[in-house]
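Contents: one structure, followed by commentary.
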Amino acid sequence: MTKKYWLMKSEPDTFSIDDLRERPDSKESWDGVRNYQARNFMRDEMKKGDLILFYHSSCKVPGIAGVAKVSMESHPDPTCWDKSSAYYDPKSTKESPRWFMVEVCFKKKFKSVIELSKLKELPELKDMILVQKGSRLSIQPVKKEHYDFIVNNLA
DNA sequence: GCCAACGTTGGC
DNA sequence: GCCAACGTTGGC
């Protein structure tokens with residue numbers, strides 16, 4: 001089983017890479033995803049040990065803040081059954097859960113955020129989903145060569 | 001705060 | 001199954 005690479009977006013005002021590091025065991029369940037494409041990646045393809053670029057979105061300086069890894073593979077997201085949760089979904093049942101999450105673990109924080117504006121300038125990264133016009137996918141696969149380039153040359 | 005791009009919903 | 005209306009994402 002070869003390792004895969006991913007990018008996961010989070011709004012740092014809600015949950016930043018520092019928040020992840022400060023959690024117990026530096027682990028957190030990635031709950032609240034309510035997009036089918038993103039769900040399918042978590043449910044079907046993300047495997048324990050896969051590496052994740054932790055991306056800060058909807059903030060002053062959007063960009064990649066560090067690295068995490070998958071510490072537990074997919075299981076149902078319990079917030080979809082919680083009526084008091086913003087993520088409650090009455091169509092998701094215990095018998096047939098609709099939403100899934102993985103657990104991620106902090107690996108490292110980059111000295112500075114690798115800014116989206118910089119990523120967009122680099123010809124080596126022009127095929128990344130992240131930099132495509134109109135791309136909004138909050139969980140996306142990253143090619144190994146893109147991951148390696150970012151970690152080895154930009155971090 | 002604006003708005004383009006995209007996803008989802010629901011009437012037909 | 002089409003597609004208009006609506007809601008959301010997320011950079012700017």
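Chain identifiers are assigned alphabetically (A, B, ...) following the order of the sequence lines, protein sequences preceding nucleic acid strands; residue numbering begins at 1 within each chain. Quantities reported herein were computed from a predicted structural model and do not represent experimental measurements.
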Inset, instruction - Classify the nucleic acid contact of A:Q37 as base, sugar-phosphate or nothing, counting any heavy atom under 4.0 Å across all strands shown. - result: sugar-phosphate

Inset, instruction - Calculate the interatomic distance between A:N40 atom CG and B:dT8 atom P; express it in whole Å. - result: 10 Å

Legend entry - Nucleotide nearest A:R136 (side chain, heavy atoms from C-beta), chosen from C:dT8, B:dA4, C:dC12: C:dT8

Inset, instruction - Identify whether any heavy atom of A:K120 sits under 4.0 Å from a base atom; if not, whether one sits that close to sugar-phosphate; answer base, sugar-phosphate or nothing. - result: sugar-phosphate

Inset, instruction - Count the heavy atoms of every other residue, nucleotide or ligand shown that sit under 6.0 Å from NZ of A:K47, and state whether that count exceeds 12. - result: yes

Legend entry - Validation row: A:L116, A:Y55 side chains within 4.5 angstrom (heavy atoms): yes

Legend entry - Any side-chain heavy-atom pair of A:K94 and A:P76 under 4.5 Å: no

Inset, instruction - Give the rounded distance in Å between these two atoms: CE of A:M8 and C1' of C:dT9. - result: 16 Å

Inset, instruction - Pick out which of A:W81, A:Y87, A:Y36 makes a ring pair (Phe, Tyr, Trp, His ring centres under 6.0 Å) with A:W99. - result: A:Y36

Inset, instruction - Starting at atom CG of A:L137, determine the distance to atom P of C:dG11, rounded to an integer number of angstrom. - result: 13 Å

Inset, instruction - Nearest whole angstrom, please: distance from the C1' of C:dG11 to the CD of A:E121. - result: 15 Å

Inset, instruction - Grab the CD-C1' distance between A:E11 and C:dT8 for me, whole Å please. - result: 11 Å

Legend entry - For atom CZ of A:F15 and atom P of C:dG10, their distance in whole Å: 16 Å

Legend entry - Out of C:dG11, B:dA4, B:dG7, whichever nucleotide has its closest atom nearest the side chain of A:K133: B:dA4

Legend entry - Among C:dT9, C:dG11, B:dT8, the nucleotide that comes nearest once only the side chain of A:S57 is considered: C:dG11

Inset, instruction - Check the angle between the aromatic planes of A:F54 and A:W30 and answer parallel, tilted or perpendicular using the 30° and 60° thresholds. - result: perpendicular

Legend entry - A:Y87 OH - C:dT9 P separation (whole Å): 9 Å

Legend entry - Closest to side chain of A:Y36, choosing from B:dG10, C:dT8, B:dT8: B:dT8

Inset, instruction - Round to a whole Å and report the spacing from NE2 of A:H56 to P of C:dT9. - result: 17 Å

